[in-house]
> 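This is the structure I have questions about; it appears just below.
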Amino acid sequence: MPLHDDVGRLIVAQFRWLDFLVDADAFVAKLMEVLSVAPPRLKKEIIGSLPEIVGDQCHATVVAALEKLLQEDSEVVVSALDALSDLNLSEQLQEQAVTVAISCIRTVHADQMPHLLRFLLLSATPFNAGRIISQIREQLKFVGTVDPLAAWGKKLKGKASANGTDGAILDALRSGLRFKNMLCEAFLKELKSVDNPRDHKVIDVWLIMLIYGNGGALQKSAEKILKSKILQLCIRETLFDQCIRGNTELVKDHFVSYLSVSDFLLACKEEKAREFAAYLFTALFEEFSDTFSRQELIGSLIAHIGSGVSLEVSSALDIMISLTSDKPEELIPLSSHITGILDYLESFHEDNLRKVYEIFCHLALAAGFNTGSGGSSVANELLMVVRKQVSNPDMKYRRMGIIGALRIVSTIADVNASMNCSSSQQPNYDEALELLKMAVNSCKFVMLPLILLYDELAVLLENSSLHSAIVEWVGEHVAEFDTVFLADLDDGELSKKYVCDGIEGELWMNLDGNISPVCVNIIPLVSTSPQMSQTCLQILPSQFSLLTIIERLGNQGSLGGINAVLGCPLHLPSTKYLDGARWGSLSAMQKKTVCHSLYYAINWIRELLNAFSTQVATRVDNVSQRARDETAVKLLMRLRNLILLEGLLNAYLKIHPLSLPDLRYVGDHGSTSTSKFNLPKNMGDQNMEGNVSNKRQKGHKDKASLEKSTSDDKFKQSTILDAFKRAGVTISQETNRDSQPSPSGMMSRVMEHETNNPCKFGIVDLMAAPAQLDMQRFKFRTLHATCLSLLNYSEPQDTTVSYNESEVRLDFNYINQLLNMVKLLRLTLFVTQMPLYVYLLRELQNKLDNLYPSSKPFFSSSQVKSTQTYCQKSMEEFLNKIQPLFSSLRKHLDGAVSMIKDGSDSCPDNWNSHSASAGNPDIPYVVVLKSSVATSVFKEALGCYRKLLGIPDLLNQANISVLKELLQTFQPSENFDEVLAEFRPSLVPSNLDYLYCGAYTMFAAILDIVLNSVIMLFEKSGEQNGKNVHMGCSKEIIPFLRKHLGLSARKLLTSDLPSEDAENGWQSKGDLIQKILQLYLKNSDSTSDLLDELACSVLPKVPSLKTGSTQDMSHGFPTLCASTILSWYRVVHEENTGNLNKMIKQALKTKAQSERAVETSLEEIQKSVLVFVSLINMCKTHEKVAMHAMAVKHGGRFVDTFLKAFNFLETHFGQHNDIILQMIKSLQKATKTIQTICAEAKGHKRTMITSKIPVAKRSLERFVFQVKALLHNCSTEETFWMGNLRHKDLQGQLVSSQIYGSVDDSPNDEQEQMETDPETPADENANAMDEDAAEDSNENEAPLEE
């Protein structure tokens, strides 16, 4: 060390030992002068000695001098920060020091940044933590951050942080955040307030990871905020790219945090969060090439795959597919870990099974499938597992094997995939063919696996390009179809009549007449033997589907080679057995034969529609337009055949319940069904055949079972039904029937009753929903989306208009007559086609329900929903297929509206004539009621439109054109620009906002769906400026739509039923009235004013049922009567509580409010309180137990919501004490009434009310103490006093005792007690007695004090 430096250091060292300074200020001033000329080393020595030299009285001078020094020389930052840390500074000087340090963030050298951050974080207090975090976010930049694309292209992985600067910065941040939770809270609060995606920085990601890595209570908060930012598109992949790409060494220390965050996002329900997790897993896998890290990633994915949560499992499998398809060679060393997926195969459904086998096929293809030449362990293990599964007798494992075998076949025999493989990885087509043969042979004698195999193979052939050898073998395998299922005809007739077991057969539905060469031989195969029926006819539809695929592949999409089967007749039982008298004389086995014959015929026609609709839905090159038109006509005729057959089978199953055989594999849906028709295969046969012969045995068994049940009742555990009966709940007969454990016994009694009473079918309306068939619809073959293209076609009409040219006169009378005639012809044509449209529209609705089964319809439907089927196509493909149907949907809707408006009496009934031309037999009791068909078309078309608008994927940017076309087809025919005159500037006709308004004008009744769609559109777009220019939609239309929706809802509520007994008519529509009333309240100009009007002026005018007075219609709402008062009462309570909660949140959200804004908020809250008081007071005039129960339940909820406003009330009590006191006094009246209702309910033991008392009383107690605290803190002691309540009834009369044992309930009261709470689940009612007992144990306690 130089001498002058050493001398200076020794002099400074002497100052450290001074006990007293005479003039400290002068000494510090001189010392600061020396600092300005001292060399760097001596300068740092002097600064470091300042805390030991100067006293506390000179700290201000030292801080000011160091601040000036730091502005001039940034090299002394570390020494200055150390000196400031050692000084005992006051709060003001500490804040000054923090300000100095913050100003150095931009100028300090990167090596000194960790020391600066450590000083700032250690100096944080609750008052400056937010400012420190905010400045760090704004000014801190990582020196190691590089362009991720450049890092990836130049192989810079691990080199960005070679100096360890960023690592030191992260260590400083981590230590500071770990020891001071207030810094973490300040950062999370700061990040939550940032809304613009551009304002989010890389440091935000790192701070989230550091907080997450530190663990503790704030870990959940970090997860929640990160998830919300990802869903709001504020934090995107680019930010994580800058953190991960090229920063391997930096991320390595925080790898566990990144992996944990990825696990959390992958387990989320939101699709966007799972997509982000997929990106993180992929980025981490690509960035970390070491074995340990990749094992951790793969192990985490496998854990998600085995979680059992469907969304999580599916997303994890998608990530594995992406990794194995992009980097299969890198995953082969980890194959031993990936094989852990095989442990979870049993819990996967079909879609996930396909994904699992696709993962292993990618690995096996990369390693080589030629197992004979060494091969790979992955391929060997995969083939071994599949062979074992296919040969397993259990259907669960055989299903896995079939899906796996076909997945392997598609991988090996795919022509396109083999072109991308190297010479060493070329697949072996012979091995694929052998595997396919093995799968077919193993399923040859078991029908359900064979059906599944044929269906999966048909989808595989249609969507893949397999090797020609595979296609040829499949074609040879299905070539035996005609010899098994078809029979030859002579001039369109059978060579001889077929009679077996007393059932005579005949030809039905011959479209080709005498030229038909074959027929579908159904009745002989059904009646020969049950085993033959199950063996052959069960695979008829699936084998024909596979045959059509092979035919289309061989003939460039044409089905001309098998065109004869479209018009050929069906060999079915003679129509004479369909008469009611003849049907009653048939035996159980003969009835089963007839029903099964109709069932197989139905599914044969459905497969015909699936196959040949491909010829008309899309243009095929070698199919002429004439051939397409002829095919479309035959398909419409087949559709008439299908409607008749389903109507007949539904009628027969109604009087002869029967379990139908499965014609398609639906996994676990069919086996777990609880329907009484889903019996074991032989159970129904035994019951049908053995009714008469086993009567005596049955009588003895019944007697023995009765004696046994009587003796066992002593030890039987009480059931939930017993609890219901003790609680006073009435159990319906339907519940008792459904709860019987022996459906076979029920079927025996039905068959015995049927034997003794000859059946009568009555009138069979083909337009009624086939409820009996829908219960077993999951067994039917599915109609494909291509069949819906028949909505665009119509049958040719032979109706002609004849006139004499000499009599033609160009006058107005003739023109009017001609126009009326044309209108009548169009209406006649539409009436003729309407049954076909109803059937197709119902199929479209079923498909939309299967896509989104959780969506609930606005109008309740009595139609039984069929079991959901798996969807082969993506949503985009489905939308593209149904997009051409939008115009037809509008056309059919217009026709139905015109028919309903003009009436259908003038239209001739052409169903019978067209039915006869389609080959349908003449059955007298089968009709199509014209009064119901138009209504059915109208209802189904509206339902389709509602469900189409409710598809979430329709709002994606890729599907906006489909949404526009859907709205465009439902624009009004007349000009509606005057309705939109209030918009400035005017709406553009091609934009979505204009189309939405047009859709409202067209469909005011379903405007709520349009409104929800447009609101979801804005939420999805993420625009904040009120205008989405790209989509062409403005937020200004939302209040416009809301206003008109409220007006439409009011029109419905003020409409009256054209019936003498209107009150009973509205009683059955309680759920519908609730939904309309909610729309009316939510979309009014002022919800508070409307609630005040309804609660204070309208509802009190409704008389009670016990008063016996006539209906008072002065309130102006015919839908509000004594039978619907409960629905209105519940909705007004719910909306009032929700409106109060919204007002309180809005009042607390704004910190600095004007005096006028505070007054407005208090007035709105007071208005809500008055509404609540009026609703509670209605219980004094209405004695319904259900209303009292709702008052107690919603009363507690309202009080809980009101408690949230006490901080706001306390803040403004000084200026507005009058209104606040008046508000509390008004609310006190309602709480006293609730107390009275609770006391009376406990005395009368009304369990519907007592089950809600504990929660309500806790809320009332909190209210009392909150009022006491408010008045104690803001007013004088005399304002509040407490005392015991005097016991009164609802009419205000004093009650001498609280014991109600002597009080006799009226019969009506007893009946009301037996009612079930309409808004409480059954289990809650079942536990009502227990809660009531708990309340009775505390009955002697003092009443609640107020």
Side-chain angles (χ1 to χ4, degrees), residues 1133-1134 1136-1149 1161-1162 1164-1177 1179 1188-1213 1216-1217 1219-1242 1249-1277 1279-1287 1320 1324 1331-1332 1334-1346:
H1133 256 306
E1134 292 173 350
N1136 186 47
T1137 304
N1139 190 47
L1140 175 64
N1141 190 31
K1142 187 187 304 181
M1143 289 186 297
I1144 293 174
K1145 286 184 178 180
Q1146 187 175 1
L1148 296 176
K1149 195 173 184 180
S1161 299
L1162 290 174
E1164 293 293 326
I1165 296 176
Q1166 185 183 25
K1167 194 178 298 183
S1168 182
V1169 171
L1170 295 178
V1171 170
F1172 174 71
V1173 173
S1174 178
L1175 291 174
I1176 298 299
N1177 288 336
C1179 295
H1188 291 188
M1190 281 188 279
V1192 174
K1193 177 180 179 180
H1194 293 284
R1197 292 181 178 177
F1198 182 87
V1199 171
D1200 284 337
T1201 305
F1202 186 79
L1203 294 178
K1204 301 177 183 178
F1206 269 85
N1207 291 333
F1208 176 76
L1209 299 179
E1210 185 176 351
T1211 304
H1212 302 284
F1213 188 86
H1216 307 280
N1217 56 353
I1219 187 173
I1220 294 175
L1221 290 175
Q1222 182 62 35
M1223 192 186 307
I1224 295 175
K1225 290 179 180 179
S1226 300
L1227 189 57
Q1228 185 185 20
K1229 298 177 182 178
T1231 58
K1232 290 181 179 180
T1233 304
I1234 295 175
Q1235 291 280 9
T1236 304
I1237 294 174
C1238 295
E1240 288 190 358
K1242 291 169 64 177
I1249 303 176
T1250 55
S1251 62
K1252 301 171 176 60
I1253 290 178
V1255 178
K1257 278 196 170 184
R1258 285 193 292 268
S1259 302
L1260 297 180
E1261 289 174 358
R1262 287 194 293 268
F1263 171 70
V1264 171
F1265 291 110
Q1266 285 280 8
V1267 171
K1268 180 179 180 180
L1270 171 68
L1271 299 179
H1272 180 271
N1273 296 333
C1274 303
S1275 183
T1276 60
E1277 292 287 345
T1279 308
F1280 180 85
W1281 62 275
M1282 296 180 64
N1284 293 330
L1285 288 174
R1286 289 183 297 175
H1287 190 214
T1320 305
E1324 187 174 335
E1331 296 183 2
D1332 191 29
E1335 287 295 313
D1336 290 338
S1337 64
N1338 299 326
E1339 191 168 323
N1340 296 325
E1341 64 183 3
L1344 184 64
E1345 297 175 332
E1346 285 191 357

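When reading the values below, keep in mind they use all heavy atoms of this one structure, side chains included, and skip hydrogens, waters and symmetry mates.
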> Do Arg1197 and Asp1200 come close enough that some side-chain heavy atom pair is under 4.5 Å?
no
> How many angstroms lie between OG in Ser1259 and CG in Leu1203, if you round to the nearest 0.5 Å?
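Here the rounded value is 7.5 Å.
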> Quick one: does Asn1141's side chain have a donor or acceptor within less than 3.5 Å of a partner on Thr1137's backbone?
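No; zero donor-acceptor contacts below 3.5 Å.
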> Do the non-hydrogen side-chain atoms of Glu1261 and Val1264 ever get within less than 4.5 Å of each other?
no
> Within a strict 4.5 Å, meaning less than it, do heavy atoms of the Ile1224 and Phe1263 side chains meet?
yes
> Can you confirm whether Gln1235 sits close enough to Val1192 that some side-chain heavy atom of one is under 4.5 Å from a side-chain heavy atom of the other?
no
> With a 6.0 Å cut-off on the ring centroids, do His1194 and Phe1198 count as close?
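Ring-ring flag for His1194/Phe1198: false, centres at least 6.0 Å apart.
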> Would you call Thr1233 and Val1173 a side-chain contact if the rule is heavy atoms closer than 4.5 Å?
no
> List the steps and the verdict of side-chain contact (heavy atoms from CB on, under 4.5 Å) for Leu1209 and Leu1162.
CA-CA 8 Å; Leu1209 299 179; Leu1162 290 174; 3.6 Å; yes
> Between Asn1136 and Leu1140, is a side-chain contact (heavy atoms from CB on, under 4.5 Å) present by the stated rule, with each step listed?
CA-CA 6 Å; Asn1136 186 47; Leu1140 175 64; 5.5 Å; no
> Could you state the interatomic distance from CD1 (Ile1165) to OG1 (Thr1201), rounded to the nearest 0.5 Å?
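OG1 of Thr1201 is found 11.5 Å from CD1 of Ile1165.
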> Whether the side chain of Ser1168 engages the backbone of Glu1164 through a donor-acceptor N/O pair (distance < 3.5 Å, no angle test) should be reported.
no
> Less than 4.5 Å apart, side chain to side chain, heavy atoms only: is that true for Phe1202 and Met1223?
yes
> Between Ser1174 and Leu1170 (side chain of the first, backbone of the second, donor and acceptor by atom type, cut-off under 3.5 Å), is there such a pair?
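Such a contact is absent between Ser1174 side chain and Leu1170 backbone.
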> So, His1188 side chain and Cys1179 main chain: donor-acceptor pair closer than 3.5 Å or not?
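At least one qualifying donor-acceptor pair exists.
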> Let me confirm one number: the CG-NE2 distance from Asn1217 to His1212, rounded to the nearest 0.5 Å.
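With rounding to 0.5 Å, CG (Asn1217) is 13.5 Å from NE2 (His1212).
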> Can you see which heavy atom on Ile1234 is nearest to which on Ala1191, and at what distance?
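Taking Ile1234 first and Ala1191 second, the nearest heavy atoms are CD1-O, 4.3 Å.
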> What is the distance from atom SG of Cys1238 to atom CG of Leu1260, rounded to the nearest 0.5 Å?
7.0 Å
> I need the Lys1193 NZ to Ile1249 CD1 distance, nearest 0.5 Å.
13.5 Å
> Calculate, to the nearest 0.5 Å, the distance between atoms NZ and CD1 belonging to Lys1252 and Ile1237 respectively.
12.5 Å
> Heavy atoms, side chains only, cut-off 4.5 Å: are Phe1206 and Val1267 in contact?
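Yes; the side chains approach each other to less than 4.5 Å.
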